[in-house]
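The block underneath contains the structure these notes are about, expressed in structure tokens.
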Number of protein chains: 2
Amino acid sequence: MALCEQKTQLSAEEHMLLDHQVCFPLYSASNAVVRTYRPLLDKLDLTYAQYLVMMVLWENDGISVKDIGARLHLDSGTLTPLLKRLEGKGLVERGRSEQDERVRVLKLTEEGTGLKKEALQVPAQMKCKIQLDLDELITLKKLCEKIVATL
Amino acid sequence: MALCEQKTQLSAEEHMLLDHQVCFPLYSASNAVVRTYRPLLDKLDLTYAQYLVMMVLWENDGISVKDIGARLHLDSGTLTPLLKRLEGKGLVERGRSEQDERVRVLKLTEEGTGLKKEALQVPAQMKCKIQLDLDELITLKKLCEKIVATL
DNA sequence: GACAAGTATATTGTGTGCAATTTATTTTAT
DNA sequence: ATAAAATAAATTGCACACAATATACTTGTC
């Protein structure tokens, strides 16, 4: 999506210029961030999406696919195979709720719980690489959260 | 990556909380934006990545895969199959440079050039959906560009 | 209590992203 | 002039994202 910064109005033509787009930098920044996480998370044998799921479970062990999806804005088409991979690595167990046989309940294994210790290093390493001031980070976070809440 | 907003310092433990992460909202916002583009771009029979490539070509017809990749921060592993799909839709021709047989040169077809007309509607539709003020958009754009430039 | 409607996952299929490798061509060094 | 290094794309393989659909279970409704 495009914006005008200098002039009062841009033509539809000008809005199409890549340099006037807002969504493109957002998309590029997200790609760049995930790419930057990769070498850090390789040491934990996790992808970024898997790392997010593990963070959710470290905070809230034993929750359902639906709840993980609600927290991460991801659906079962993404989560089901991802969770099977985490199970394959021995980090989670994919059980069923006793009250409701439909819901799959994710429980951290001992190894899954233990992995948190190494993961604690990651945020500081990323902060170091990103090189934004605290106020910039806060602004960015709020704007992104606003977009997610709106869309 | 995590930040602290209220307290002077957060523990490594607290940095792991999803609500303290900055990269997660960025990632979610990018996903949300691409998801929001989808119904708009469906009318043009383009994905978001394909739309970005078309924008590059509308600005700079006849450039190479490498130059498109430099502009969009994407590599040949992403672009080669994408460009084949654009060729399949009759929007581009995948030629070769005469000076250097290694470089593939992308030329818009008449249909590819013509598609720009419909695409001109898209930025305004997205702006409408995103619901951010101009200054917020500018701030977000600059912060994302800073991240991309740093990483 | 059957049966329709709703809900939670799973599956399928398409299109990215990207690391790693390969292939083809060009440039450089000797 | 030729072998080595460099460069541009293409290929391969893996893991997302997500729309669309299917499957299995649960909850109303009558």
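Below, read A as the first sequence line, B as the second, and so on, with proteins coming before strands; counting in each chain starts at 1.
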Selection from [options] that lies nearest to any side-chain heavy atom of [X]:
| X | options | answer |
| --- | --- | --- |
| A/Arg35 | D/dC18, D/dT26, C/dA19 | C/dA19 |
| A/Arg102 | C/dT7, C/dA10, D/dA9 | C/dT7 |
| A/Val103 | D/dA17, C/dT9, C/dT16 | C/dT9 |
| A/Glu101 | D/dA15, D/dA17, D/dT26 | D/dT26 |
| A/Lys66 | C/dT9, D/dT11, D/dC18 | C/dT9 |
| B/Arg104 | C/dC18, C/dT16, D/dA9 | D/dA9 |
| A/Leu82 | C/dT16, C/dT9, D/dC16 | D/dC16 |
| A/Thr78 | D/dT11, D/dC16, D/dA19 | D/dC16 |
| B/Ser76 | D/dA15, C/dT16, D/dA10 | D/dA10 |

Which whole-number value in Å describes the distance from [X] [atom1] to [N] [atom2]?
| X | N | atom1 | atom2 | value |
| --- | --- | --- | --- | --- |
| A/Leu86 | D/dC16 | CG | P | 8 Å |
| B/Ile68 | C/dG17 | CD1 | P | 15 Å |
| B/Leu26 | D/dA17 | CG | C1' | 16 Å |
| A/Leu46 | D/dC14 | CG | P | 18 Å |
| A/Lys84 | C/dT9 | NZ | P | 14 Å |
| B/Asp75 | C/dT16 | CG | C1' | 11 Å |
| B/Gln50 | C/dG17 | CD | P | 10 Å |
| A/Arg96 | D/dC25 | CZ | P | 8 Å |

Taking any heavy-atom pair under 4.0 Å as a contact, classify B/Arg85: base, sugar-phosphate, or nothing.
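Touches a base.
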Quick one: does B/Leu143's side chain get under 4.5 Å of B/Ile147's, heavy atoms only?
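Not in contact.
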Side chains of [X] and [Y]: is there a donor and an acceptor less than 3.5 Å apart?
| X | Y | answer |
| --- | --- | --- |
| A/Gln121 | A/Lys43 | no |
| B/Glu111 | B/Thr109 | no |
| A/Lys141 | B/Gln21 | no |

Return the orientation label for the B/Trp58 and B/Tyr51 ring planes: parallel under 30°, perpendicular over 60°, tilted otherwise.
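Perpendicular, since the angle between the ring planes exceeds 60°.
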Want to settle it: does B/Val34 or A/Leu83 sit nearer the 5' end of DNA chain C, counting the closest nucleotide to each?
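The residue closer to the strand's 5' end, by nearest nucleotide, is A/Leu83.
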Below 4.0 Å: OP1/OP2 of D/dA15 and any side-chain N or O of A/Tyr48:
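No, outside the criterion.
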If the cut-off is 4.0 Å, is B/Thr47 near the phosphate of C/dT16, judged by side-chain N/O to OP1 or OP2?
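Yes, because at least one side-chain N or O of B/Thr47 sits under 4.0 Å from OP1 or OP2 of C/dT16.
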For DNA chain D, whose closest nucleotide is more 5', that of B/Arg38 or that of B/Val65?
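With B/Arg38 and B/Val65 compared, the 5'-side residue is B/Val65.
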How close do A/Arg104 and A/Arg94 get, heavy atom to heavy atom, and via which atoms?
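Smallest interatomic distance, heavy atoms only, reads NH1-O, 2.9 Å.
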